[in-house]
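Accompanying notes for the structure given below.
These numbers were taken from a predicted model, which means no experiment stands behind them. These numbers come from the heavy atoms of this one structure, side chains and all, not from hydrogens, waters or symmetry mates.
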Amino acid sequence: QVQLVESGGGLVQAGGSLRLSCAASGRAFSRSSMGWFRRAPGKERAIVAAISRNGGITHYADSVKGRFTISRDNEKKIVYLQMNDLKPEDTAVYYCAGDSNAILTAVTTDASAFESWGQGTQVTVFS
């Protein structure tokens with residue numbers, strides 16, 4: 001497992017940008033597929049983006065394609081979520097998650113497969 005701490009959330013006007021960071025500790029980071037999830041008020045947790053162990057494969061929810069970019073720095077043990085052209089419907093608590101059992105050539109997207117979770121960071125987009 002890895003320990004995860006998110007940062008970078010905040011209040012932003014629609015059309016603006018934010019970059020979320022997820023700092024990991026522990027040896028399992030480089031062999032972990034990583035993901036960003038979000039839980040909006042009154043809605044279930046949903047995947048936003050995910051990235052494979054070496055960053056070669058990414059996955060995005062349809063609602064964020066073309067606006068969000070996930071990336072990772074295995075040396076620094078950080079996963080990023082660059083969010084551009086933010087919309088009020090992006091308002092949610094964003095969580096970072098890690099799956100240390102992922103194989104190299106796959107990206108994990110099923111929430112139940114992630115065993116490590118951060119505490120979440122709030123993103124609020126106003127119009």
Side-chain angles (χ1 to χ4, degrees):
Q1 290 189 358
V2 292
Q3 290 72 50
L4 304 171
V5 178
E6 302 96 335
S7 61
L11 183 66
V12 63
Q13 191 170 19
S17 299
L18 283 174
R19 188 176 78 159
L20 305 184
S21 298
C22 173
S25 59
R27 297 180 178 181
F29 179 79
S30 62
R31 64 173 187 267
S32 297
S33 176
M34 301 298 296
W36 284 97
F37 290 78
R38 67 186 180 188
R39 188 190 300 274
K43 295 186 178 181
E44 295 186 354
R45 181 179 57 188
I47 190 165
V48 176
I51 190 166
S52 61
R53 288 166 50 178
N54 64 2
I57 304 171
T58 56
H59 167 86
Y60 295 94
D62 287 343
S63 59
V64 306
K65 282 181 181 177
R67 301 188 297 124
F68 290 12
T69 302
I70 188 171
S71 61
R72 67 188 295 164
D73 185 327
N74 282 352
E75 285 195 17
K76 295 181 179 179
K77 296 184 180 180
I78 299 178
V79 179
Y80 301 99
L81 184 68
Q82 177 66 44
M83 307 186 294
N84 298 328
D85 189 24
L86 282 160
K87 304 176 180 181
E89 51 263 41
D90 294 318
T91 295
V93 178
Y94 284 71
Y95 300 90
C96 176
D99 170 18
S100 63
N101 297 308
I103 62 174
L104 182 63
T105 55
V107 59
T108 306
T109 59
D110 182 352
S112 64
F114 289 90
E115 79 277 5
S116 300
W117 291 85
Q119 82 291 348
T121 185
Q122 176 71 46
V123 171
T124 302
V125 184
F126 63 94
S127 56

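Residues in residues 18-32 take part in these side chain to side chain donor-acceptor pair (under 3.5 Å) pairs, two or more places apart or across chains: Q3-S25.
Annotation for D73 and E75: closest pair OD1-N, 3.1 Å, computed over non-hydrogen atoms. The minimum heavy-atom distance linking M83 with V123 is given by the pair CE-CG2, 3.9 Å. Residues L81 and Y94 come closest through the heavy atom pair CD2-CD2, 4.2 Å.
Checked by atom type and distance alone, the side chain of N54 never pairs as donor or acceptor with a backbone atom of N74 at under 3.5 Å. In terms of modelled atom types and a separation under 3.5 Å, the side chain of S52 and the main chain of S33 share no donor-acceptor contact. Put simply, the side chain of T69 never gets that close to the backbone of Q82: no donor and acceptor are under 3.5 Å apart. Although no hydrogens or angles enter the test, the distance criterion places no donor-acceptor pair under 3.5 Å between the side chain of T124 and the main chain of T91.
Residues L86 and L20 fall within the same hydrophobic cluster, defined by Ile, Leu, Val, Met, Phe, Trp and Tyr side chains chained together at heavy-atom separations under 4.5 Å. The cluster map of Ile, Leu, Val, Met, Phe, Trp and Tyr, joined by side-chain heavy atoms under 4.5 Å apart, puts F68 and W36 in the same cluster. No chain of hydrophobic side-chain contacts below 4.5 Å, direct or via other Ile, Leu, Val, Met, Phe, Trp or Tyr residues, connects Y80 to I70. Taking hydrophobic clusters as Ile, Leu, Val, Met, Phe, Trp and Tyr residues chained together by side-chain heavy-atom distances below 4.5 Å, V79 shares a cluster with Y60. Follow the hydrophobic side-chain contacts under 4.5 Å out from V93 and you never reach M34; the two are in separate clusters.
Relative ring orientation between W117 and F37 is described as tilted, the plane-to-plane angle lying within the 30° to 60° band.
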Which atom pairs, one a donor and one an acceptor, fall under 3.5 Å between side chains of residues 96-103 and the rest of the protein, sequence neighbours left out?
unit_1 : atom_1 : unit_2 : atom_2 : d
D99    : OD1    : N101   : N      : 3.0
D99    : OD2    : T108   : OG1    : 2.7
S100   : OG     : E115   : OE2    : 2.5

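Using a 4.5 Å heavy-atom threshold, the side chains of E6 and Q119 count as touching.
Atom-to-atom distance recorded for S116:OG and L4:CG is 5.5 Å, nearest 0.5 angstrom.
Geometric assessment of R72 against the ring of F29 yields a positive cation-pi assignment under the 6.0 Å and 45° thresholds.
By the salt bridge (charged side-chain N to carboxylate O under 4.0 Å, His left out) test, R38 is found to be paired with D90, residues two or more places apart in sequence or in another chain being considered.
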